[in-house]
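Written below as structure tokens is the structure these notes are about.
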Amino acid sequence: MAVVEEEEGSPPAPAAAADPASSGSSDNEITVEEASFVHTEPPQDGSVPPVVSSNMEVLHDKVKKQVIKEGHGKKPSKFATCFLHYRAWVQGSLHKFEDTWQEQHPIELVIGKEKKQMSGLGIGVGNMRSGERALLHVGWELGYGKEGSFSFPNVPPMADLLYEVELIGFDDVKEGKARSDMTVEERIEAADRRKIEGNEYFKEKKFEEAMQQYEMAIAYMGDDFMFQLFGKYRDMALAVKNPCHLNMAACLIKLKRFDEAIAQCSIVLAEDENNVKALFRRGKARAELGQTESAREDFLKAKKHSPEDKEIQRELRSLAEQDKALYQKQKELYKGLFGPRPEPKPKASNSIVRFWQWLVSLIGYLIKLFKPKNE
């Protein structure tokens, strides 16, 4: 079974001994049964713009859009706070000058309040739906203009741009109040709302939509924000942030995106190296990738902090059985490579041996008998 973190004050979940993700857990969890899922692919590696075959939609004289992946729900209105990932290229040279996916943190863009050089991007995002991924074609007039940019990002003058954009989600509230303008309590509260929405999607087995909510929650608590927190405020933020990373990992495991699941668990373990859920889920993902020894290390460490957990024990037994099966397979392979052992030659019968011994003795006797006469 898979465990999803739930908001503070929710009723305790029923005992679920069959799932180690519930090891060391508190009452702020819900338990959801496993179910079948659709395997969706993560974005391409991003070295070059994606090849898109969908129709070109004209959003503005200088902005066109091609849908890569359909989204859901409504489009953001003016002053909505949008959370997105994007990659950006100079259209002529295909020089990539920005990639937010590499930093694993979505950026925030308020529709109608974006920087001048991002006005074309803002028009495109304002015409997307949550979860949608698209390729935007933006003219230089709504990009970095006649002058370009010679610092960061490095964009030549009068350069048309290409953006691969994923709209994770948006907040249509508070007239575009940005995270930087929120108090600590407001940001934690907003993140917690997103986490709760993500849990609801998870229970409905909508894992992509759940991840969008968790990622938006995490966006409220970026590294710059967490660096400024101490004491109870840091504890409050981590109580929301870490469960979002763990639930992202649970979704990614279901979607067979094991490397990404490992990365989410590692973020939690950087804050709490003994977190049983993070160790267990990272071990599961590593085991799926065939990283047996690393998986065993995670499971053994989790077992150290939760020795009675039956699921951890089951995973360790499973690894041992895999090792045994691999040994038997290798044994058969080597046997086939070197061929069967040669069978020993049968020993001659005793009667034959005795005959040859008698014959040798007879020849020796005759030689001795006639030798003196010849002399």
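Please read all numbers here as calculations on a predicted model, not as lab measurements.
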Parallel, tilted or perpendicular: ring planes of Phe97 versus Tyr163, cut at 30 and 60 degrees: perpendicular
N/O donor-acceptor pair under 3.5 Å between Ser306 side chain and Ala302 backbone: no
Contacts of type side chain to side chain donor-acceptor pair (under 3.5 Å), residue Asn154, not counting sequence neighbours: none
Quick one: are [X] and [Y] in side-chain contact, heavy atoms under 4.5 Å?
X      : Y      : answer
Val155 : Leu161 : yes
Phe202 : Asn247 : no
Met128 : Leu84  : no

Sequence neighbours excluded - side chain to side chain donor-acceptor pair (under 3.5 Å) pairs with any residue from residues 119-132: Lys65-Glu132
How long is the straight-line distance from [atom2] of [Y] back to [atom1] of [X], given to the nearest 0.5 Å?
X      : Y      : atom1 : atom2 : answer
Cys82  : Met216 : SG    : CE    : 8.0 Å
Gln212 : Glu166 : CD    : CD    : 6.5 Å
Arg257 : Phe207 : CZ    : CZ    : 12.5 Å
Ile168 : Glu215 : CD1   : CD    : 3.5 Å
Glu108 : Lys113 : CD    : NZ    : 11.0 Å

Name of the residue among Gln91, Gln66, Lys62 meeting side-chain hydrogen bond (donor to acceptor under 3.5 Å, both in side chains) with His137: Gln66
Can you tell whether the side chains of [X] and [Y] come within less than 4.0 Å, N to carboxylate O?
X      : Y      : result
Arg193 : Glu189 : yes
Asp235 : Lys232 : no
Lys324 : Glu321 : no

Partners passing ring-ring contact (aromatic ring centres under 6.0 Å, His included) against Phe170 (at least two apart in sequence or in another chain): none
